[in-house]
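In what follows, every chain begins at residue 1, and chains take the letters A, B, ... in the order their sequences are listed.
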Amino acid sequence: MVIEKKFLKGNPLKDISEYDFPGLRRALSLGQENVIQEISDSMLLGRGGAGFPTGTKWSLALEQAGDKKYFICNADEGEPGTFKDRFLLEERPLKVLEGLMIGAYAVGADEGFIYIRGEYDLPIKIFREILEDARDEGILGKNIFGSDFDFDLTLVRGAGAYVCGDETSLINSIEGKRGISRIKPPYPIQEGLFGNPTVVNNVESLACAAEIINKGAGEFVALGTDNSRGTKLVSLSGDINLPGVYEIEFGCGTLEEIINDLGGGVSYGNKPKFVIPGGLSTAALLPEELNCGYSYEDIEEAGSSLGSGAIIVVGESRDLVEILLKVSRFYMDETCGTCFPCREGNKQINFMLNQHKNKKFTRQEVEIIKDIGDAIAAAARCGLGQTSLSLIESIFDKFPEELIEEVRHSEKVRNR
Amino acid sequence: MKKSNDIFLETVHNIQQTYGYIPEREINQLAEKFDQPRAKIYGAIKFYSMLYTEPTGKYIIRICDSLSCHLKDSHDLLLAVQDYLGLEDGETSSDQLFTLEIVECLGHCGEGPVMMVNDKMYTELTKGKALEILQDCK
Amino acid sequence: MKRLEIDNIEVEVEPGTTLLEAARKINVNIPTLCYEEELSIFGGCRLCVVEVNGGELLKPACATEADDGMIVKTHSPRVREVRQTLFELIIASHDISCELNCLTCTRQSSCELRVVAEDIGISRMRLNPIYRGLEKDFSSHSIVREPNKCITCDRCIRKCEEIQGIGIFANSARGPETEVTTFQDKGMGNVECTNCGQCIISCPTGALHEVYHSEGVWDALYDENKHVVVQTAPAVRVAIAEPFGAEPGTVATGQLVSALKRLGFDGVFDTNFTAYLTIMEEGTEVVKRVTENDNLPVLTSCSPGWIKFIEHFYPDYLKNLSTAKSPQQMFGALAKTYYAEQAGVDPEDIVVVSIMPCTAKKFESRRPEMNGDVDFVLTTREAGMMIKSAGINICDLPEENYDNLMGVSSGAGDIFAASGGVMEAALRSAYYLITGEELEDIDIKPVRGLTGLKKAEVPINEDLTLKVGVAHGLSNARKMMELIKEGEEFHFVEFMACPGGCIGGGGQPIRADMTSEEALQKRLEGVYSIDSSKKMRRSHENPMIQKLYDEFLGKPGSHKAHKLLHTEYTARGLN
């Protein structure tokens with residue numbers, strides 16, 4: 001039986017007069033190196049989807065020369081099935097702010113941005129108020145809490161482009177350009193916003209950082225598994241009885257248990273047809289594969305990825321092509337349009353799927369889809385592109401009898 | 001320090017709040033302010049689906065049809081709204097009251113199907129509730 | 001230095017060298033489409049991806065710097081497989097269909113996609129083309145855009161912005177709708193496009209080409225009641241043989257004349273003649289304005305791309321432009337007056353055709369203030385196509401001379417094709433007009449740090465030293481205008497819209513087999529070979545010019561000359 005482990009969750013925390021920023025105060029007394037050490041000790045991995053160690057990112061940023069650095073909170077959550085950052089922005093915004101300021105202090109940034117997707121109207125309102133109050137209270141500004149840390153934070157509203165959730169696209173977007181990804185290297189830590197070293201962290205990562213400094217790395221590192229420390233906010237949606245955001249300690253249950261114990265079971269048919277364990281960029285898992293622990297390493301071993309923590313359950317009797325089309329349309333519409341494999345590949349896949357609403361795919365068509373998938377994975381310019389066909393390819397792999405024409409006898413003979 | 005006024009997206013959002021869209025003369029001014037060719041400013045604005053270079057309806061109706069909402073029958077909701085408004089994706093009604101958009105994830109996947117009317121989010125909608133909301137706009 | 005291994009060959013390169021450059025150093029050709037040497041890196045087409053240290057993710061060679069110890073595979077089985085698929089995707093987005101196919105394409109013989117297909121060794125094409133249904137842009141008098149052929153490689157965008165400093169193009173929308181467009185989708189004819197045509201040169205496909213005038217010219221040639229005359233610009237003769245397989249810079253002046261006569265033109269004339277006339281008029285104006293200190297510096301007016309540029313971006317300086325028409329338009333004006341009179345033909349029946357290295361000349365000919373004096377303007381490319389489709393191979397023809405009256409040409413005129421040529425010729429005449437003596441040597445020293453900008457001081461007499469400048473390419477034109485705005489003193493400045501001057505014009509042949517800079521260099525050598533092989537003459541020495549003034553115009557700057565040979569400009573700004 002899985003139950004929630006509340007490390008990040010808690011009572012709503014929005015009123016700045018009710019919060020004393022103990023984590024930030026502690027950070028200011030610890031000093032930059034010690035803060036980073038503590039984050040490194042916590043073994044926190046970035047929660048945006050890529051899972052890069054936060055401590056490493058910060059320490060690389062601190063090492064960067066230059067007196068101007070930026071710290072950005074990526075609140076451009078937009079992958080279908082993912083809504084855990086919105087939960088934090090709406091319920092625990094002060095923790096996000098605190099984590100952001102701890103990070104900025106640690107790496108030596110005096111200016112920051114929080115980039116919230118334009119559709120998140122409530123979080124935008126909440127943060128606008130918080131920033132105003134924080135400036136009035138001197139929590140943002142010069143000599144914060146009597147230290148020599150100066151910091152100001154600007155809210156930037158996104159304007160409806162999923163791809164801006166990629167950190168380099170987000171930087172371009174803040175700079176007033178089209179939100180297309182940049183070629184790396186240079187990495188943002190070397191040359192990011194307006195050419196300066198820049199850290200971009202996900203909302204949940206920052207909330208984690210705040211709690212780690214608040215409660216000490218020890219408490220965080222004691223949770224979870226060897227390779228997946230702490231807890232994870234999971235967004236449960238799809239054909240499930242109790243959708244929502246749940247906080248789960250890594251390793252304390254299987255995907256199946258999460259779906260049944262927390263999610264109240266499948267709502268469309270008796271069992272899932274398949275489950276997407278980490279958002280639309282991760283491979284589907286069959287019911288028999290759901291008996292895997294909830295951790296980065298276990299889901300990877302099962303052949304998929306934990307991604308952003310969006311678990312989407314697809315019920316037994318769903319039409320696969322319809323699902324494939326939704327996934328494909330998302331990637332087709334949301335690619336930035338810069339690199340040819342991603343733009344043309346996703347367009348071509350969508351075109352092919354659209355012609356197959358009621359008929360199966362030929363072997364040759366499946367081969368084409370696989371070739372396009374390989375080309376995109378190998379040659380697309382950013383992470384969004386490279387993973388854009390993972391889910392679709394996995395569904396073809398796992399449901400051949402439903403999607404692919406049987407090889408007819410005559411063909412077998414011919415192929416010999 | 002950058003002021004939010006120095007940030008392109010914020011400036012553009014504010015212009016849109018004033019006019020309902022980004023008029024041509026404002027793009028010319030943005031080009032000057034941000035020292036960029038005006039084609040480039042135009043191209044940047046067109047990248048973002050929430051920014052408009054033409055007037056829209058008074059109410060922008062956005063219905064999510066991404067996977068999670070789709071599993072919650074967003075498609076039926078969409079058909080009902082399309083039928084009621086007589087609009088296809090991206091169209092604006094002749095009385096300039098409604099613009100309809102089928103959009104990707106709005107971040108309320110646990111509460112689908114969802115619809116946004118301008119800034120306001122409506123969750124766990126039924127066809128009936130959606131049409132009531134639209135009726136109230138008239 | 002960085003040491004690495006590319007395709008089992010050890011390479012040593014300077015730090016900062018990309019894998020693409022490193023591979024080229026050892027003669028390994030990695031295919032590219034969105035890459036162009038003089039432009040910034042875009043990294044969009046991904047055709048140049050290579051395997052680095054056996055990594056799963058392939059790296060774009062154009063954007064990856066060589067590093068010590070790298071093991072690079074540029075043509076491994078995996079790379080070749082991925083490239084084939086990428087190319088299939090590109091072709092599917094290129095909208096090849098019955099209506100839109102290689103046979104009718106303007107780039108049938110210079111298509112980069114075909115070169116790349118060969119380089120990759122394409123053996124399959126399994127994808128359906130996806131029709132985008134975009135409308136062609138016919139708004140410009142000079143250039144047509146066919147967006148369905150566009151593969152969004154971004155080269156026109158970067159060329160216009162980075163090399164010409166304008167930026168009329170941008171990518172718009174995103175995802176499958178991503179397209180190259182202009183401000184507010186107004187079309188090239190309704191924005192600050194200078195019509196220079198450099199975008200056409202950069203386009204790897206046929207998505208950009210000139211507005212064709214060849215049909216009109218054929219009709220005129222077939223019409224027995226029409227008297228069709230043609231002028232050829234200096235830069236055309238060193239490029240016209242290229243479509244027939246010759247190297248750039250091959251001089252084919254006489255063969256061109258011969259081909260045009262075979263096509264049926266009633267008179268074949270050299271634009272150099274009116275170029276001299278331009279120099280006479282402009283030189284006279286310079287002398288007058290320098291003496292009277294009237295709106296200095298005088299800015300040249302023969303490059304129509306530059307004219308549109310100044311009208312959009314520096315309208316306050318229109319009064320500084322020389323009022324002299326360009327040689328093309330002077331020819332048109334004289335053809336329908338002086339020539340008509342001499343030849344005894346009704347001006348109504350005269351059709352004036354120009355062959356120009358330039359797309360902006362098409363727009364110029366349509367300016368209302370030019371009265372339609374020039375009826376059709378063919379680019380070098382179009383002229384080549386017409387000659388070819390008449391069954392003529394220009395390389396096989398004997399040389400013939402230009403027709404008389406307007407056809408006496410001599411060396412100095414040919415260097416108008418190159419940047420700095422106009423000024424040099426004008427200075428010679430100005431010097432003569434002021435001092436009554438010939439100027440023997442002009443030394444134009446390039447100024448350090450400002451590529452494409454040249455400045456020089458030419459002592460005329462004890463009281464006067466002329467300060468002159470030359471700028472070619474519109475980025476440089478902008479820099480020069482900024483210097484002038486900041487108060488730097490000049491008397492006379494030459495401007496050419498295209499990098500390198502007219503030999504690098506937007507109407508010149510496009511090479512799929514070499515970079516545009518290489519072609520430019522070779523054409524330049526061609527131009528100077530003509531110049532050195534001919535006896536130098538000054539504009540004011542040209543006997544036909546003298547005769548024209550004596551018989552018809554009076555003297556330089558006369559009332560009649562003004563009426564026929566001078567023009568006015570329009571302040572356009574950015575509207």
Check: Which region of A/Ser235, side chain (C-beta onward) or backbone (N, CA, C, O), has a non-hydrogen atom less than 4.5 Å from a non-hydrogen atom of chain B, or is it both or neither?
Finding: neither
Margin query: Listing request: all salt bridge (Lys or Arg N to Asp or Glu O under 4.0 Å) pairs with a residue in residues 24-42 of chain B, at least two apart in sequence or in separate chains.
Written below: B/Glu24-C/Lys186, B/Arg38-C/Glu192, B/Lys40-C/Glu161
Margin query: Listing request: all salt bridge (Lys or Arg N to Asp or Glu O under 4.0 Å) pairs with a residue in residues 75-94 of chain B, at least two apart in sequence or in separate chains.
Written below: none
Next item on the list: Report the option among A/Val313, A/Leu155, A/Ile276, A/Asp333 that has the most heavy-atom pairs separated by less than 4.5 Å from atoms of chain B.
Entry: A/Leu155
Note to self: Would you say NZ of A/Lys68 has more than 12 non-hydrogen atoms from neighbouring residues, nucleotides or ligands within 6.0 angstrom?
What the structure shows: yes
Check: Say you draw a straight line from OG of A/Ser267 to NZ of B/Lys72; how long is it, rounded to the nearest 0.5 Å?
Finding: 4.0 Å
Next item on the list: May I ask you to test the B/Cys109-A/Glu79 pair for a side-chain heavy-atom distance under 4.5 Å?
Entry: no
Check: Within a radius of less than 6.0 Å around NZ of B/Lys129, do more than 12 heavy atoms belonging to other residues, nucleotides or ligands occur?
Finding: yes
Check: Quick one: of B/Ile7, B/Leu30, B/Leu9, B/Asp6, who has the most non-hydrogen atom pairs under 4.5 Å with chain A?
Finding: B/Leu9
Checklist line | Which atoms of A/Ile174 approach chain B - backbone, side chain, both or neither, heavy atom under 4.5 Å | finding: both
Item checked: Enclosure of A/Glu129 CD (heavy-atom neighbours >12, cutoff 6.0 Å) -> no
Item checked: A/Asp67, CG: over 12 other non-hydrogen atoms inside 6.0 angstrom -> no
Item checked: Between CG on residue A/Asp121 and CE on residue B/Met116, distance to nearest 0.5 Å -> 6.0 Å
Margin query: Heavy-atom pairs under 4.5 Å with chain B - which of A/Gly118, A/Gly244, A/Gly315 has more of them than the others?
Written below: A/Gly118
Notebook entry, point to check: So which part of A/Asn172 gets closer than 4.5 Å to some heavy atom of chain B, the side chain, the backbone, both or neither?
Noted result: neither
Note to self: Under 4.5 Å from any heavy atom of chain B, what part of A/Tyr70 do you find: side chain, backbone, both or neither?
What the structure shows: side chain
Notebook entry, point to check: If you look only at pairs with a residue in residues 103-121 of chain B, which of them pass as a salt bridge (Lys or Arg N to Asp or Glu O under 4.0 Å), with sequence neighbours excluded?
Noted result: A/Arg86-B/Glu111, A/Arg329-B/Glu104
Next item on the list: May I ask you to name which of A/Ala159, A/Cys164, A/Gly179 has the most heavy-atom pairs under 4.5 Å with chain B?
Entry: A/Ala159
Next item on the list: Go through the atoms of A/Phe87 and report whether side chain, backbone, both or neither lie under 4.5 Å from a heavy atom of chain B.
Entry: neither
Margin query: Taking side chain as everything from C-beta outward and backbone as N, CA, C, O, which of these in A/Tyr162 sits under 4.5 Å from a heavy atom of chain B? Side chain, backbone, both or neither.
Written below: neither
Notebook entry, point to check: Which residue out of B/Gly112, B/Ser68, B/Cys69, B/Gly107 racks up the most heavy-atom pairs below 4.5 Å with chain A?
Noted result: B/Gly107
Note to self: Need one label for A/Tyr268: side chain, backbone, both or neither, based on atoms under 4.5 Å from any heavy atom in chain B.
What the structure shows: neither
Checklist line | Contacting region of A/Glu77 [heavy-atom separation from chain B under 4.5 Å] | finding: neither
Item checked: Contacts with chain A made by residues 42-57 of chain B (heavy-atom distance under 4.5 Å), listed by residue number -> B/Gly43, B/Ala44, B/Phe47, B/Tyr48, B/Ser49, B/Met50, B/Leu51
Notebook entry, point to check: Counting N and O atoms only, with roles assigned by atom type, does the side chain of B/His70 sit under 3.5 Å from a partner on the main chain of A/Gly238, one being a donor and the other an acceptor?
Noted result: no
Item checked: Spatial distance of atom CZ (A/Phe83) from atom SG (B/Cys105) [nearest 0.5 Å] -> 8.5 Å
Note to self: Can you tell me if A/Lys9 has over 12 outside heavy atoms packed within less than 6.0 Å of its NZ?
What the structure shows: yes
Next item on the list: Give the member of B/Asp65, B/Leu106, B/Leu67 that has the highest number of heavy-atom pairs under 4.5 Å with chain A.
Entry: B/Asp65
